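The figures that follow rest on heavy atoms only: side chains count, while hydrogens, waters and symmetry mates do not. Small disclaimer: the values here were computed from a predicted structure and weren't measured. Chain identifiers are assigned alphabetically (A, B, ...) following the order of the sequence lines, protein sequences preceding nucleic acid strands; residue numbering begins at 1 within each chain.
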There are 2 protein chains.
Amino acid sequence: MTALTASEEIVLEQPCPIRDVLDRIGDQWSLLILEALAPGTLRFNALMREIGDISKQMLSRTLKQLEQDGFITRTLYPEVPPRVEYTLTPLGHSFLEPMQQLVAWADTHHRTIVAARLRYQTAQTKP
Amino acid sequence: MTALTASEEIVLEQPCPIRDVLDRIGDQWSLLILEALAPGTLRFNALMREIGDISKQMLSRTLKQLEQDGFITRTLYPEVPPRVEYTLTPLGHSFLEPMQQLVAWADTHHRTIVAARLRYQTAQTKP
DNA sequence: TTTATACGGTCTAAAATGTAGACCTTTAGA
DNA sequence: TCTAAAGGTCTACATTTTAGACCGTATAAA
């Protein structure tokens, strides 16, 4: 019995579609990157500036995953200094549609959540 | 100039509603817990069994955050052994509506993503 | 001529976060 | 008497994230 190949492992590891997809997308940075790319193509450093507080390593790593999963494409122009452009694929765009609903929800209910948080705090500190 | 209180910090720290909400919800477990509670109230250990591979500590911690943000309520019945029930609030339910869209999207596109992943792998290993 | 800057990363060490599993309290049942 | 169950907390270890130095090349400024 031979060991599984890396790709076979990846396929078998996650039997639940929702977990498989959301484990990747729900990781603090993926979503922000996809949103940043929604208006159009951006280069690596432009993405860094756009997002603001992501480290190079995480941006690099997350972009690789998003490319791997087919959400974005990476185009390297062999110039000096090198130019690398990241663009949403149709899959990436289609993902943002249901995402917009979530973003709208967040916008609408943000105040409610902040209020709940404050209520909880005061309830804990002076019981 | 006095330091900020904890609650003031929480309010000021996150100026972006979407990040604020999704940083909490997009953390590997929150979503799974909310989905598990969608059909109805569950007790702590029932949640553990339902989710399967979450640690007690993370379940406990995440439930606390969800309660803090007003997504769920925690009801303790002072029996022995104690009984604790977790239930979605209206806010929690309303959140699941846009979430369903995302889950549906994940379901629909899961195969595409897995395929993209495999293609990427083979492209990398034999260039 | 030397120096600085920009590009798109990688590498390393340290900090933050997550995990598994022992432990706690009280009561009922074997 | 010993075990199990409830809903957690605590500790030690493992994994993940971060900050920041570094890399190679080329153009622009001093």
Side-chain angles (χ1 to χ4, degrees), chain A residues 6 9-10 13-14 19-20 22-33 36-37 40-69 72-87 120 124 127, chain B residues 6 9-10 13-14 19-20 22-33 36-37 40-69 72-87 120 124 127:
Chain A
E9 270 175 28
I10 286 183
E13 234 164 52
Q14 291 285 354
R19 291 196 66 164
D20 189 19
L22 293 180
D23 276 6
R24 272 295 168 79
I25 242 51
D27 76 336
Q28 191 88 191
W29 297 122
S30 296
L31 220 81
L32 255 31
I33 293 175
L37 289 176
T41 296
L42 283 179
R43 298 172 64 173
F44 188 89
N45 281 341
L47 269 169
M48 290 230 42
R49 281 187 294 271
E50 192 71 20
I51 296 176
D53 57 347
I54 189 173
S55 67
K56 285 181 166 204
Q57 189 164 99
M58 283 313 289
L59 179 55
S60 172
R61 204 184 292 172
T62 310
L63 284 169
K64 228 171 263 172
Q65 293 182 347
L66 291 175
E67 190 198 356
Q68 181 176 195
D69 285 8
I72 61 176
T73 57
R74 176 184 187 275
T75 312
L76 165 66
Y77 298 87
E79 308 166 352
V80 172
R83 181 159 56 102
V84 180
E85 291 187 344
Y86 294 93
T87 310
Y120 187 92
Q124 298 300 307
Chain B
E9 269 176 28
I10 287 184
E13 233 164 51
Q14 291 286 355
R19 293 196 64 165
D20 189 19
L22 293 180
D23 276 5
R24 272 295 167 81
I25 241 49
D27 76 337
Q28 192 88 191
W29 296 123
S30 296
L31 221 81
L32 256 30
I33 292 175
L37 289 176
T41 297
L42 283 179
R43 298 171 64 174
F44 189 88
N45 282 341
L47 269 169
M48 288 230 43
R49 281 188 294 271
E50 191 73 20
I51 296 175
D53 56 348
I54 189 173
S55 66
K56 284 180 166 207
Q57 187 163 101
M58 283 313 289
L59 179 54
S60 172
R61 206 184 291 172
T62 310
L63 284 169
K64 228 172 262 173
Q65 292 183 348
L66 291 174
E67 190 198 356
Q68 180 177 195
D69 285 7
I72 62 176
T73 57
R74 176 184 188 275
T75 312
L76 165 66
Y77 298 87
E79 307 167 355
V80 172
R83 182 159 55 101
V84 181
E85 291 188 343
Y86 293 94
T87 309
Y120 188 91
Q124 297 301 306

* Compare the minimum distances between each of D/dG8, D/dT17, D/dA6 and the side chain of B/Phe44, then state the nucleotide with the smallest one. => D/dG8
* Among the nucleotides D/dA6, D/dA21, D/dG8, which one has an atom lying closest to any side-chain atom of A/Lys56? ->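 Out of D/dA6, D/dA21, D/dG8, the nucleotide with an atom closest to A/Lys56's side chain is D/dA21.
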With the side chain counted from C-beta on, respond yes when [X] and [Y] share a heavy-atom pair under 4.5 Å apart, and no when they do not.
X: A/Leu37; Y: A/Thr87; result: no
X: B/Leu66; Y: B/Ile33; result: yes
X: B/Tyr120; Y: A/Lys64; result: yes
X: B/Leu63; Y: B/Leu47; result: yes

* Start at the 5' end of DNA chain C and walk down; is the nucleotide closest to A/Ser60 or to A/Pro81 reached first? -> A/Pro81
* To do: For B/Arg61 and for A/Arg74, locate the closest nucleotide of DNA chain C by heavy-atom distance; then report the residue assigned to the nucleotide nearer the 5' terminus.
  => A/Arg74
Starting at atom [atom1] of [X], determine the distance to atom [atom2] of [N], rounded to an integer number of angstrom.
X: B/Leu59; N: D/dG7; atom1: CG; atom2: C1'; value: 10 Å
X: B/Glu85; N: D/dG8; atom1: CD; atom2: C1'; value: 16 Å
X: A/Ile54; N: D/dT18; atom1: CD1; atom2: P; value: 7 Å
X: B/Asp27; N: D/dT15; atom1: CG; atom2: P; value: 20 Å
X: B/Asn45; N: D/dG8; atom1: CG; atom2: C1'; value: 9 Å
X: B/Leu76; N: D/dG8; atom1: CG; atom2: C1'; value: 11 Å

* **Donor-acceptor under 3.5 Å (B/Ser30 side chain, B/Arg24 main chain)** => yes
* Side-chain (B/Thr62) to main-chain (B/Met58) donor-acceptor, under 3.5 angstrom ->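 Here the side-chain-to-backbone pair exists.
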* **Angle between terminal axes - the helix from C/dT1-D/dA30 to C/dA30-D/dT1, 5 pairs each end, rounded to 10°** => 30°
* Asked: For A/Gln28 and A/Pro82, take the nucleotide of DNA chain D holding the closest heavy atom to each; which residue's nucleotide lies nearer the 5' end?
  ->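 Closest to the 5' end, via its nearest nucleotide, is A/Gln28.
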* Asked: With sugar-phosphate meaning primed atoms plus P, OP1 and OP2, does A/Gln57 contact a base, only sugar-phosphate, or nothing at under 4.0 Å between heavy atoms?
  -> base
* Report which part of the nucleic acid B/Tyr86 touches: base, sugar-phosphate, or nothing (heavy-atom distance under 4.0 Å, all strands). =>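 Result for B/Tyr86 = sugar-phosphate.
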* List the steps, then state whether side chain to side chain contact (heavy atoms under 4.5 Å, CB included) holds for A/Leu32 with A/Ile54. => CA-CA 10 Å; A/Leu32 255 31; A/Ile54 189 173; over 6 Å; no
* Which nucleotide span of DNA chain C, 5' end to 3' end, has atoms closer than 4.0 Å to non-hydrogen atoms of chain A? ->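 Contact boundaries, 5' end first: C/dC7 to C/dT12.
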* Presence of A/Trp29 side-chain N/O under 4.0 Å of D/dT16 phosphate oxygens OP1/OP2 -> no
* Please name the pair of heavy atoms, one in B/Ile51 and one in B/Trp29, separated by the smallest distance, quoted to 0.1 Å. =>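 Scanning both residues completely, I find the closest heavy atoms to be CG2-CZ3, 4.0 Å.
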* Should B/Arg19 and A/Asp53 be marked as a salt bridge (charged side-chain N to carboxylate O under 4.0 Å, His left out) after you check the CA-CA gap, both sets of side-chain angles, and the distance that decides it? -> CA-CA 12 Å; B/Arg19 293 196 64 165; A/Asp53 57 347; 3.2 Å; yes
